[in-house]
Amino acid sequence: MRKLVALPVLSADALSSVAYGPEAMLAVLVLGGAAGLAYTVPIAATIAFLMLAVGVSYRQTIRAYPHGGGSYIVASDNLGRVPGLIAAAGLMTDYILTVAVSIASGVAAIASAVPSLATDAVPIGVGVIALLLAGNLRGIRQAGALFAAPTYAFIIAVFALVAVGLVDAAGRGFHPTATPHLNATESVGVLLVMRAFASGSTAMTGIEAISNAVPAFKPVEWRNARTTLTWMVGLLIVLFAGTVAMVRLDGVVPSTQETVLSQLAHRSFGSGPLYILTQAATAAVLLLAANTAYNDFPRVLFLLARDRHAPQIFLRLGDRLAFSNGIILLSIAAALVYVAFSGMTASLIPLYAVGVFLAFALSQAGMVVHWWRLRDRHWRKSLFFNATGALLSAVVFLTAGITKFTEGAWVAVLAVGLFLVVTMRIRRHYESVGKALRLHPHAIELPTPTIPAHPSRGAAQSPATTSQLPEALPDTRTEEEALPDSRTEEEALPDARPEEEDEETPEEIRHLSVVPIATMDLAGMRALAYAASLHQPVLALHVSPEEDEAERFREYWTLWGDHLPLEVVVSPYRAIVAPLVHYIEALHAKRPDLTLTVILPEIVTMRWRYRLLHSRIAPRLRHALRPLPKIVITTVPFHV
């Protein structure tokens, strides 16, 4: 992406937080009355410094991880597995709450302009989540001017709001407008100030997005990403500071009927078209911010599944090249949280800060270890910046966790703890299964029995050579591998029968067994042995996500002995079922006289709770291939 496009697309989450961050801070300070509101500027200045420190810290992360360095990757690489999982838990909590909070704030912006919709906030929000789910399952991507427009519109609207407000304030000598009479419900003390600081710090969520998406930039990627991050942090500080300044000058206080940003827009623009445009831009950028989580949440799940900390179904891409299972899980979780807290932004904010700053703190702590180990040029400066970011993020995390524990932060803390337990148990299960599936010296040979002669043929056939398979197989070989075979198709296959011939006796059925093999393990060997025992031609089929991995599998196959013919299909999007279906459909179309038996190895767990951790390809293949005749799907179970 170009920087002009990357800035609004990747900054939507961070910049849109101006719509609720300052209001969250004020909602706490107003409890202390006028004395509490007097702390608005000092707390806002501290938060602005925090934005700057964390932004500079992530500039170092981009330099160290030019191919993308999210909190999970950085913490895992430098701090170890458990800190990496805790960072992932914080990130995933952050993404779920990004959807819930952004939609809640967006609905509040709409309801401020159209008060009659306020009572329907929950169904409207759930409807928006359903739309995001449908759109992302269809492969919508955040790119181009269409997705850049809402963020730029929001930036322009807030700048205009602040500029008009400052001109009005200048006319009265910058004397603040008196706030309405407030009755203090809490005494102003350290606890109140800390709670306000933690709530206001949610205005810096989303700063990590650019460091995650470095490869999406045009070359030089890391340099363009750092420039974009600098612009994002600068805009965030200016928008946040401008909003807080207008709140103080106009004497605005939080209200349950209208958002703070809506009140400021009313004062600057009245109720005319500019006000409507401001509210529309706010709602649009918040919707875009919610949609950013639909890119990042499934990606983190993919990384966890790749490292065997999450079910393998999260490795799979859907038909639209989207991580469908991760998208569905995010939508369900966000909808449940949104409904549970009645779509109220103020109720969701206490949960938000915990996950965000937990991930920030672990990521920056990981960078401190990284620089200490590397010690390259300017390592001391980089270590200092990251150490500052880690310390400040840890302070905010502890502040939010302690001061807001009873207000809902306990939910986020509990979620992180449960996530850690579940992911560790998943990893332990996969390790035990891997140990059970590992090949041993006595399991690497597969007999290649001869096939009894067909009644109409005099010679026996062996399934062990490629020349005995249909010449009509979909050809996935290289040009050198695809040289014509000296044997004819009639010599290489059992006799072809006319399509109209009846198959009412066993002798009239012409077989080809296809065995999909993902890895060379005992389950795969058992499936191959079962296929060979049927005394019919056998073809092994491997679907690989990339050519390098395909070549590695061919080497394993040769080392094993190359007992059976192998076809390799490269599927660059990690899809498994679709390439299998297409391959089998092509076989069926070219040789409809053959009965194709697809033999799948299947992991069968003794405990039901582990069944979801293993793919169930057979039912999906049956569903996809049901319309075609003469195709049999069978499984060879491997119990663990």
Side-chain angles (χ1 to χ4, degrees), residues 14 17 21 24-25 28 43-61 64-65 69-95 97 190-191 193-208 211 233 236 349-373 380-405 407-417 419-420:
S17 61
M25 176 185 68
V28 177
I43 294 175
T46 305
I47 294 172
F49 175 75
L50 180 63
M51 292 174 179
L52 179 63
V54 173
V56 172
S57 298
Y58 272 107
R59 280 177 55 89
Q60 315 312 312
T61 302
Y65 286 84
S71 294
Y72 172 64
I73 294 175
V74 174
S76 297
D77 285 353
N78 299 288
L79 301 178
R81 180 185 301 172
V82 173
L85 289 175
I86 295 174
L91 275 180
M92 296 180 72
T93 304
D94 174 24
Y95 294 140
L97 288 168
V190 175
L191 186 60
V193 172
M194 291 176 65
R195 284 166 53 198
F197 171 67
S199 295
S201 297
T202 57
M204 55 183 295
T205 58
I207 283 182
E208 188 189 53
S211 68
V233 173
L236 178 59
I349 289 296
L351 286 74
Y352 206 7
V354 173
V356 173
F357 286 96
L358 176 60
F360 282 178
L362 288 171
S363 174
Q364 299 310 305
M367 288 305 304
V368 171
V369 174
H370 171 84
W371 297 122
W372 180 259
R373 290 173 176 170
R380 288 185 175 85
K381 180 180 69 174
S382 297
L383 187 149
F384 172 76
F385 286 141
N386 285 124
T388 303
L391 178 62
L392 294 177
S393 297
V395 168
V396 179
F397 165 68
L398 293 174
T399 300
I402 295 171
T403 62
K404 295 182 174 295
F405 188 82
E407 297 179 30
W410 66 270
V411 176
V413 174
L414 179 63
V416 170
F419 179 89
L420 183 62

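In this text the structure is predicted, and so the values were computed from the model without any measurement. Worth knowing before you read on, the calculation uses all heavy atoms, side chains too, and leaves out hydrogens, waters and symmetry mates.
- How far CD1 of Ile402 is from CZ of Phe397: 9.0 Å, rounded to the nearest 0.5 Å.
- A distance-only check finds no donor-acceptor pair linking the side chain of Asp94 to the backbone of Gly90 [under 3.5 Å].
- Note that CE of Met367 and OG of Ser71 are 11.0 Å apart. Values are rounded to the nearest 0.5 Å.
- Remark: Tyr58 pairs with Phe360 by the ring-ring contact (aromatic ring centres under 6.0 Å, His included) rule, at least two apart or across chains.
- Looking at Glu208 and Val54, their side chains never come closer than 4.5 Å, going by heavy atoms from C-beta outward.
- Pairs passing the side chain to side chain donor-acceptor pair (under 3.5 Å) check and including a residue from residues 354-372, sequence neighbours excluded, read Gln364-Asn386, Trp371-Asn386.
- Val28 is not listed as a side-chain neighbour of Phe197, based on a closest heavy-atom distance of 4.5 Å or more.
- With a 4.5 Å cut-off on side-chain heavy atoms, Leu50 and Ser201 count as touching.
- In this structure the side chain of Met204 reaches within 4.5 angstrom of the side chain of Phe357, judged on heavy atoms.
- Closest approach of Val369 and Asn78 over heavy atoms only: CG1-O, 3.5 Å.
- Between Ser57 and Gly389 the shortest heavy-atom distance is OG-CA, 3.4 Å.
- The side chain to side chain donor-acceptor pair (under 3.5 Å) pairs that include a residue from residues 391-404 are Ser199-Lys404, where partners are two or more places apart or lie in different chains.
- Here the side chains of Val356 and Val396 are not in contact, with every heavy-atom distance at 4.5 Å or above.
- The side-chain heavy atoms of Glu407 and Ile349, taken from C-beta on, include no pair separated by under 4.5 Å.
- Scanning all heavy atoms of the two residues, the minimum distance from Ala14 to Leu236 falls at O-CD1, 3.4 Å.
- Counting all heavy atoms, side chain and backbone alike, Ala409 lies closest to Ala400 at CB-O, 3.9 Å.
- Arg195 CZ to Ile43 CD1: the interatomic distance, rounded to the nearest 0.5 Å, is 11.0 Å.
- The CG atom of Leu91 sits 10.0 Å away from atom CD1 of Ile73, with the distance rounded to the nearest 0.5 Å.
- Once rounded to the nearest 0.5 Å, the distance linking CD1 of Ile207 with OG1 of Thr61 reads 11.5 Å.
- If you take CG on Leu52 and CD1 on Ile47, they are separated by 14.0 Å, rounding to the nearest 0.5 Å.
- Between Leu392 and Ala53 the shortest heavy-atom distance is CD1-CB, 3.7 Å.
- In terms of heavy-atom proximity, Ser17 sits nearest to Thr202 at CB-O, 3.6 Å.
- Between Val354 and Thr93 there is no side-chain heavy-atom pair separated by less than 4.5 Å.
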